[in-house]
Structure formats: C-alpha cells, structure tokens
There are 2 protein chains.
Amino acid sequence: MVTLRQLRYLTAISETRHFGRAAKLCHVTQPALSMQIQDLEHSLDVQLVERRRGSVALTAAGAEIADRASTILTAVADLENYASRDRPALVGPLRLGIIPSIAPYLLPRALPELHRLHPDLDLRIRETQTSALVDELAHGDLDLILAALPLGRPDFETLDAFQDRFLVARQAGSGRPGDERIDPASMASEHLLLLEEGHCLRDQALSVCSSLSPGTINAFGASSLSTVMHLVANGYGITLLPEMAADIEVTDRVELVRFTEPEPVRTIGLAWRRSSTRRADAQALAHLLREVRA
Amino acid sequence: MVTLRQLRYLTAISETRHFGRAAKLCHVTQPALSMQIQDLEHSLDVQLVERRRGSVALTAAGAEIADRASTILTAVADLENYASRDRPALVGPLRLGIIPSIAPYLLPRALPELHRLHPDLDLRIRETQTSALVDELAHGDLDLILAALPLGRPDFETLDAFQDRFLVARQAGSGRPGDERIDPASMASEHLLLLEEGHCLRDQALSVCSSLSPGTINAFGASSLSTVMHLVANGYGITLLPEMAADIEVTDRVELVRFTEPEPVRTIGLAWRRSSTRRADAQALAHLLREVRA
DNA sequence: CCGTCACGATCAGTTTATCTTATCGACATG
DNA sequence: CATGTCGATAAGATAAACTGATCGTGACGG
C-alpha cells in the first residue's frame with residue numbers, strides 16, 4: 001500500500017539526489033528512508049531510483065512518480081490548511097513571492113504598515129521573475145505571489161490589487177518644451193532601454209510600444225530598473241517606468257512624461273493556488289497595498 | 001500528521017454516512033475507523049462528522065475535506081497505476097462508461113471481437129447519460145468513457161474514434177417520392193420526437209434543427225431511442241437517428257433519409273483522466289471500434 | 001416504565017509498521 | 001593500501017494501528 005510518507009521520502013530523493021541528505025530533510029535516519037523507498041518500489045513494482053556509484057538518479061518512472069507525488073503532497077498540504085480557513089487573515093507563516101519590478105518600490109511602504117497592523121504575521125519574501133514564482137506557487141513552495149496579472153494559469157485564483165501607470169522616463173531637458181504627453185506610436189525613433197529577457201516588465205513595455213521595430217531595441221537588457229534609470233539619466237536612451245517606481249528611481253537628471261490617453265497600465269495583483277485557502281490573506285493584503293499606495 | 005488511510009476512511013464515511021458500514025467498506029472494524037476519524041479531526045483541529053442520534057452527517061468542513069480527500073485518493077490510485085503503464089493495452093480490469101445512444105448499437109458488434117482479441121480484458125460496462133459518466137470518470141469510479149465529444153473537461157484527455165452521421169427517420173411512405181435529401185432548415189413544420197432531457201442526443205438533434213421553434217418539440221421525451229422509433233413507425237412524428245443505430249432500430253415501417261450536405265454528424269470518442277494512464281487502452285479500443293463499424 | 005436494539009466511543013491487549021543504532025560491502029580517492 | 005562515502009542490511013526499540021469486548025446513549029415497542 002502506497003503511503004504519503006513514502007511519497008514524501010521520494011520527493012526528498014528527487015530534490016537531493018542523495019539518500020543521506022534526503023533523510024536529513026525528512027528528519028529521519030538514512031536506513032528509514034531507504035527502506036521506505038524500497039517498499040514503494042516493491043508496491044509499485046517499478047525501480048524508481050538508480051543507485052549508482054557516486055550518485056543516485058531517478059529512473060524515468062521515478063521522475064514521473066516523484067512529480068505526481070509532489071502534486072499529491074501539495075494537495076494534502078492544502079487540505080490541512082483548509083481546516084484553519086476561517087482564522088484571521090495575515091496571521092502565521094505566509095510565503096510571498098514578489099517580482100523585481102514591484103518589490104523594491106512597494107515593500108518600503110508596505111512592510112512597516114504590515115508589521116504594525118499584523119504583528120503575528122510571519123512573512124517570508126521571495127523575489128524573482130514571474131515564471132519562477134509561478135512554478136514555485138504551483139509546486140507549493142509559495143503561498144501567494146504579487147505580480148503583474150494575468151498569469152494565464154487556470155489552477156490559480158487571482159485578485160487585482162491596483163493599476164500601475166507606465167510613464168516615459170528620459171534625460172532631463174531632452175524633450176521639446178511644451179510636449180506634455182507622448183503617443184506610444186511616436187516612440188519609434190527613440191532608443192528604448194529595457195530589462196533583460198524574462199522580466200515581465202520588458203514584455204509589457206514592448207507591447208505598449210508595439211510599433212517599434214526590433215532593431216531599435218537595446219540588445220543588452222539590464223538586470224535592474226535602477227541600472228536602466230542610470231543609463232537614462234546619462235542620455236543613453238529612454239525607458240518605460242512603472243509609476244510606482246518613480247519616487248525611488250527618479251533623480252533630477254531624469255524627467256517623466258505621461259502617455260496620451262488611454263494611458264498604458266499594468267495590473268498588479270495577487271495569485272494563489274485554487275486549492276489553497278489564501279483568499280482571506282490575499283484580500284487583506286490587497287487592501288493594505290491599496291492603502292499604502294494612496 | 002494526516003495519512004492516506006485517514007482520508008480513505010473519511011471518504012467511506014462520506015459515502016455511507018455510517019461508521020459501521022464505512023468500516024466494513026474499508027475491511028476494518030468500527031473502532032479502528034472511529035479512531036482514525038478522531039485522529040484526523042484532531043490533527044486538522046476541525047470537527048468533520050456530526051454524530052447525531054440515528055445517523056451521522058458530515059459538517060460543512062467535513063464535506064469539503066472529504067471532497068478533497070477523494071481527489072487526492074484518485075491521484076494516488078492513478079500514480080499506483082502508472083507503474084504498469086507499459087503493460088499491453090486492454091488487459092486486466094477496465095471500467096468503461098458508455099452513453100445509451102451508443103451502447104446498444106456498438107456493443108453487439110464490438111464485444112465478441114473484443115473478447116476474441118483481448119481475452120485477458122476484464123471489462124465492466126456502465127451505461128448512463130454523459131453527465132453522470134463524466135462525474136464518475138472524474139471521481140475515479142470509471143477508467144474510460146465512450147461518448148459524444150467534446151466534453152469540455154480540461155482534466156480529461158480524449159481520442160476521437162469515428163464520426164456518426166445523423167439521418168432522418170420517418171414513417172415508411174410518408175415522404176414525397178423523389179425528395180432524396182432533407183435540408184435541416186426545412187424541418188420546421190414536422191413533429192420532431194426526441195429523447196428526454198439529459199440525453200446528449202437530444203441536445204445534438206436540437207442543435208442540428210436549430211431553426212425549430214420550441215413549440216414544435218414533443219414535450220414528453222422518450223427514455224429510449226427504441227421507443228422513439230416505434231412512435232415514428234406509427235406516424236407520431238419524425239426523429240433524428242444516429243446512423244449506427246440504423247441496423248437495429250429500423251423496421252420496414254420506417255424509412256431513412258439523409259440530410260443535404262454538409263450532413264450533420266456527431267463525433268464519438270473516448271475520454272480518460274489526464275492523470276490516469278489509459279491512452280494505450282483508448283487507442284486500442286478506438287481502433288477496434290473503427291474496425292467493427294466498417 | 002423497562003427491556004431491547006442500534007450505534008458510536010472507549011479500553012486492553014496484540015499485531016504490524018516504522019524508526020534508530022550499529023554494521024556491512026562496494027567503490028572511490030589519495 | 002588505508003580511508004572515506006554511500007546505500008543496504010540486521011536487530012531491537014518504539015510507535016501506530018487493529019481487534020474484540022464493553023460501555024453509554026438515545027430510540028422504539030410493549
């Protein structure tokens with residue numbers, strides 16, 4: 001009979017590729033884990049692990065089973081959390097993922113408030129790009145992510161927090177006086193600086209300026225908005241700046257111009273696994289985010 | 001710590017609403033089951049079952065947890081089956097659901113052949129309407145269903161087996177000679193006989209004859225095609241007959257007329273849970289079904 | 001009003017599962 | 001060839017789970 005314990009041990013093997021370390025991960029001794037894996041192999045009648053000199057590897061079947069096991073364990077974890085579904089929101093551990101184009105600008109304002117209003121919240125923050133956050137959320141390594149929506153994941157539930165305008169940032173004094181608004185279509189001739197591949201902000205900026213020919217795009221994307229803005233300040237080009245970053249990234253060597261109506265925006269919101277029970281947390285957090293932004 | 005055993009026992013309670021019978025279902029004694037349920041309630045810190053005089057009922061939380069438990073147990077069962085994924089197809093137990101407008105016409109031809117070619121197949125057939133089959137497949141009570149596609153379930157994988165033409169069946173001699181084909185739009189004035197609500201064939205017929213006003217539809221749907229055809233034979237109206245039923249349902253008091261091009265068809269195919277490992281079975285079965293139809 | 005029944009809870013004792021510690025054997029590496 | 005790493009195995013301890021007997025409560029019938 002397959003047990004959850006066996007599945008847990010198998011996923012530990014899958015993560016560590018090492019019996020000893022997997023055992024430590026599961027807080028048991030190595031023989032205990034070895035035996036459970038053997039039991040699992042016998043009850044499924046398939047070899048799951050290749051014990052080779054030097055290192056272990058999962059067989060094809062082992063990888064597939066480990067993958068399914070991981071899904072099942074996440075479902076069980078969500079079931080366990082469901083019990084405490086009507087506890088007050090924002091209490092206890094919460095693993096929150098945030099994309100890099102939000103975290104540095106929102107956290108300084110949100111964290112003090114969050115700590116003041118919800119002192120019992122044990123927040124663990126992870127900052128990385130959307131695709132990694134999505135994977136980790138699906139896998140159960142995160143409880144909630146804050147990113148630009150939509151994510152296109154039917155297994156997630158989402159909640160819009162607010163809209164964030166895109167502005168054009170250019171070197172101070174480089175614009176003709178009097179042109180107060182910029183038409184996205186008119187940006188074709190400018191030198192647009194962008195983040196490197198993988199940042200959703202890059203894709204959003206490109207879709208705002210869809211008329212740009214690929215040749216005018218800076219091939220060497222920067223890895224942080226801060227770097228991009230320093231380039232802008234020194235006249236290397238222009239960029240699209242999310243409004244929420246304006247406070248922090250804008251110096252007096254840079255000026256901001258709004259787009260013509262309808263102004264392009266990105267929708268910032270929260271997402272969680274449908275099977276998890278984080279709606280209350282998401283709603284409370286979204287409310288707080290709207291507050292600190294105002 | 002939640003265990004699969006506890007989840008199994010809970011689903012048994014959910015199905016039987018009775019500790020004793022649930023225990024029998026799980027092949028344990030009642031105290032064993034009672035204790036596991038109590039353990040589960042303690043580890044989730046929620047009351048799952050209301051022990052009332054006379055009968056037991058699940059609490060709201062209990063119902064939700066039982067539902068999740070059932071999903072998890074299905075996933076585990078599929079994981080267990082995955083091990084034997086590359087065994088020969090159509091061997092061992094296979095629970096197959098078939099809709100009523102297919103089963104009586106295809107089974108007489110398919111079953112002998114199936115038995116001849118796959119003597120080791122232990123086939124259990126369930127015949128009921130699509131919606132029930134879909135629920136049972138999702139729940140893990142069936143392995144495969146044969147129905148009119150699409151089913152609109154992203155958690156299912158499907159395989160088209162063949163197309164089945166719709167024909168018009170009317171009382172013999174009731175048509176004007178020489179009109180060899182019927183235009184779906186021209187059926188507005190006829191008296192269309194249909195199966196009762198819930199049969200997908202009824203909905204398909206209605207969509208073929210979309211121009212029909214609701215008033216001309218027979219309000220008292222029959223519960224079997226056979227009954228409908230007897231009504232047709234006696235001049236009570238006409239009906240749409242799937243071509244595969246023609247052999248069996250058509251007598252010399254009934255005549256069939258084909259529709260004008262493009263002839264309306266239904267797509268018959270197989271569906272299984274994405275997480276299960278029934279593609280090989282489905283492919284083999286679809287192949288055999290195409291053979292016996294030819 | 002009391003005996004009986006149905007049903008879930010509880011208890012005691014046994015069986016089974018799982019764990020730990022100690023050790024083995026195979027294979028590297030210096 | 002000594003040493004270290006790693007997974008398997010063995011023996012005994014501990015924990016989990018089960019059975020069979022029994023209890024307590026409420027329903028029902030005479």
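Labels below follow one simple rule: chain letters A, B, ... track the order of the sequence lines, proteins then strands, and each chain is numbered from 1.
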Nearest-angstrom distance from the residue atom [atom1] of [X] to [atom2] of [N]:
X        : N       : atom1 : atom2 : result
Asp39(A) : dT18(C) : CG    : P     : 7 Å
Arg8(B)  : dA17(D) : CZ    : P     : 12 Å
Lys24(B) : dC7(C)  : NZ    : P     : 11 Å
Met1(A)  : dT16(C) : CE    : C1'   : 14 Å
Leu7(B)  : dA17(D) : CG    : P     : 12 Å
Gln38(A) : dA8(D)  : CD    : C1'   : 7 Å
Ile37(A) : dT18(C) : CD1   : P     : 13 Å
Leu58(A) : dG7(D)  : CG    : C1'   : 15 Å

What pairs with [X] under salt bridge (charged side-chain N to carboxylate O under 4.0 Å, His left out), at least two apart in sequence or on another chain?
X         : answer
Arg5(A)   : none
Arg274(B) : none
Asp155(A) : Arg153(A)

Item to check | Inter- and intrachain pairs under salt bridge (Lys or Arg N to Asp or Glu O under 4.0 Å), touching residues 61-84 of chain B, at least two apart | outcome: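 As it turns out, the salt bridge (Lys or Arg N to Asp or Glu O under 4.0 Å) pairs with a partner in residues 61-84 of chain B, which skip direct neighbours, are Glu64(B)-Arg68(B), Asp78(B)-Arg273(B).
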Item to check | Overall bend - the helix from dC1(C)-dG30(D) to dG30(C)-dC1(D), comparing terminal axes fitted on five pairs, nearest 10 degrees | outcome: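 Inter-axis angle at the ends, rounded: 20°.
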Item to check | Ion pair Glu136(A)/Arg126(A), N-O distance below 4.0 Å | outcome: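 Between Arg126(A) and Glu136(A) there is a salt bridge, with a charged N closer than 4.0 Å to a carboxylate O.
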Item to check | Close side-chain approach of Leu114(A) and Leu90(A), heavy atoms under 4.5 Å | outcome: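 Heavy-atom side-chain distance check passes, below 4.5 Å.
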Item to check | Along DNA chain C (nearest heavy atom to each residue), the more 5'-positioned of Phe19(B) and Gln6(A) | outcome: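 Nearer the 5' end of the strand: Phe19(B).
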Checklist entry - Taking only residues two or more places apart in sequence or in another chain, which ones pass side chain to side chain donor-acceptor pair (under 3.5 Å) with Thr74(A)? => result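 Expected list: none.
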Show which side-chain atoms of residues 116-123 of chain B pair as donor or acceptor with protein atoms under 3.5 Å away, not counting sequence neighbours.
| residue | atom | partner | partner atom | Å |
| --- | --- | --- | --- | --- |
| Arg116(B) | NE | Glu113(B) | OE1 | 3.4 |
| Arg116(B) | NH2 | Glu113(B) | OE2 | 2.9 |
| Asp122(B) | OD2 | Arg124(B) | NE | 3.4 |
| Asp122(B) | OD2 | Arg124(B) | NH2 | 2.6 |

Identify each donor-acceptor pair in which a side-chain atom of residues 28-39 of chain B lies under 3.5 Å from a protein atom, sequence neighbours left out, and give them as a table.
| residue | atom | partner | partner atom | Å |
| --- | --- | --- | --- | --- |
| Gln30(B) | NE2 | Ser34(B) | OG | 3.0 |
| Ser34(B) | OG | Gln30(B) | O | 3.4 |

Tabulate protein N/O versus nucleotide N/O from nucleotides 18-21 of chain D, keeping only pairs under 3.5 Å, one per line.
| residue | atom | partner | partner atom | Å |
| --- | --- | --- | --- | --- |
| dC18(D) | OP1 | Arg5(B) | NE | 3.1 |
| dC18(D) | OP1 | Tyr9(B) | OH | 2.7 |
| dC18(D) | OP2 | Gln36(B) | NE2 | 3.3 |
| dT19(D) | OP2 | Thr29(B) | N | 2.7 |
| dT19(D) | OP2 | Thr29(B) | OG1 | 2.7 |

Below the 4.0 Å mark, does [N] have OP1 or OP2 next to a side-chain nitrogen or oxygen of [X]?
X        : N      : result
Ser34(B) : dA9(C) : yes
Arg51(A) : dA8(D) : yes
His18(A) : dG7(D) : yes

